[in-house]
Amino acid sequence: NAGVTQTPKFRVLKTGQSMTLLCAQDMNHEYMYWYRQDPGMGLRLIHYSVGEGTTAKGEVPDGYNVSRLKKQNFLLGLESAAPSQTSVYFCASSYTLGGGSYNEQFFGPGTRLTVL
Amino acid sequence: GDSVTQMEGPVTLSEEAFLTINCTYTATGYPSLFWYVQYPGEGLQLLLKATKADDKGSNKGFEATYRKETTSFHLEKGSVQVSDSAVYFCALTPDSSASKIIFGSGTRLSIRP
């Protein structure tokens, strides 16, 4: 049981290049999330998905796209990378969304992306 | 809107010292409250949680009590160890929108042997 895995672990891009980050979970979770972590700002939600084939915007969605073609995978795409997208990206998944109840999220180890 | 404010770090303590990391929140209704921990080079892990007022979450010697009257969820540990060195995040799930977690900015804790 690997939990949540992310590939790649590190990546350096030039401005304008594109790339896709892959997140995979083996816990049969319905809900998946992409966050970015910047110094002094905690985690900010980029996009999330409440099930296979569905996605929704989070707090900072501009410049990113996502897809959830399979329940276990959640892809984050950068079509034209910018230096402002230099960050550490975390994927997470959770079992319940349930209103009024807690929502424990399980996190991957992160991808460190640098855009030059 | 909903938000979480936690004390800024870094916090540096000696081993076996008492730890408090303050966290206050702003939210309507009855949010669920969490503390997550991030060890170096890793993702976040849930440390403890509380889902209603006066609940106490506890794990690995850490405790936090959900105080609705002061809108606080302070993290405490009686005797810290070097292995507790990490970044700690206070967070909440609004009861009106459980599709997201709102995180504080994190507090870096370093423990000296």
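Labels below follow one simple rule: chain letters A, B, ... track the order of the sequence lines, proteins then strands, and each chain is numbered from 1.
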Quiz item: If Ile, Leu, Val, Met, Phe, Trp and Tyr residues are connected whenever their side-chain heavy atoms lie under 4.5 Å apart, and connections chain through other members, are A:Y35 and A:L22 in the same group?
Solution: no
Practice problem: Kindly compute the distance separating CD (B:E42) from CZ (A:F90), expressed to the nearest 0.5 Å. | Solution: 9.5 Å
Self-check item: B:E15 atom CD, over 12 foreign heavy atoms within 6.0 Å
Solution: yes
Exercise. Could you tell me whether A:R44 atom CZ has more than 12 heavy atoms of other residues or ligands within 6.0 Å of it?
Key: yes
Quiz item: What part of A:Q37 gets closer than 4.5 Å to chain B, counting heavy atoms only: side chain, backbone, both or neither?
Solution: side chain
Exercise. Decide if atom CD of A:E59 counts as having more than 12 heavy atoms of other residues, nucleotides or ligands within a radius under 6.0 Å.
Key: yes
Practice problem: Quick one: closest heavy-atom pair of A:F107 and B:L44, and the distance? | Solution: CB-O, 3.3 Å
Quiz prompt | OG on B:S105 to CG on A:L43, rounded to 0.5 Å | solution = 11.0 Å
Exercise. With the side chain counted from C-beta on, respond yes when A:F106 and B:Q45 share a heavy-atom pair under 4.5 Å apart, and no when they do not.
Key: no
Practice problem: Decide side chain to side chain contact (heavy atoms under 4.5 Å, CB included) for A:L45 and B:F103; before the verdict, give the C-alpha distance in whole Å, the side-chain angles of both, and the deciding distance to 0.1 Å. | Solution: CA-CA 10 Å; A:L45 182 65; B:F103 288 92; over 6 Å; no
Self-check item: Under 3.5 Å donor-acceptor, A:Y33 side chain and B:I101 backbone
Solution: no
Quiz item: Measuring heavy-atom distances to chain A, does B:Q6 have an atom under 4.5 Å in its side chain, in its backbone, in both, or in neither?
Solution: neither
Practice problem: Please indicate whether A:K57 has more than 12 foreign heavy atoms, meaning atoms of other residues, nucleotides or ligands, lying under 6.0 Å from its NZ. | Solution: no
Quiz item: Do other residues, nucleotides or ligands put more than 12 heavy atoms under 6.0 Å from the CD atom of B:E16?
Solution: no
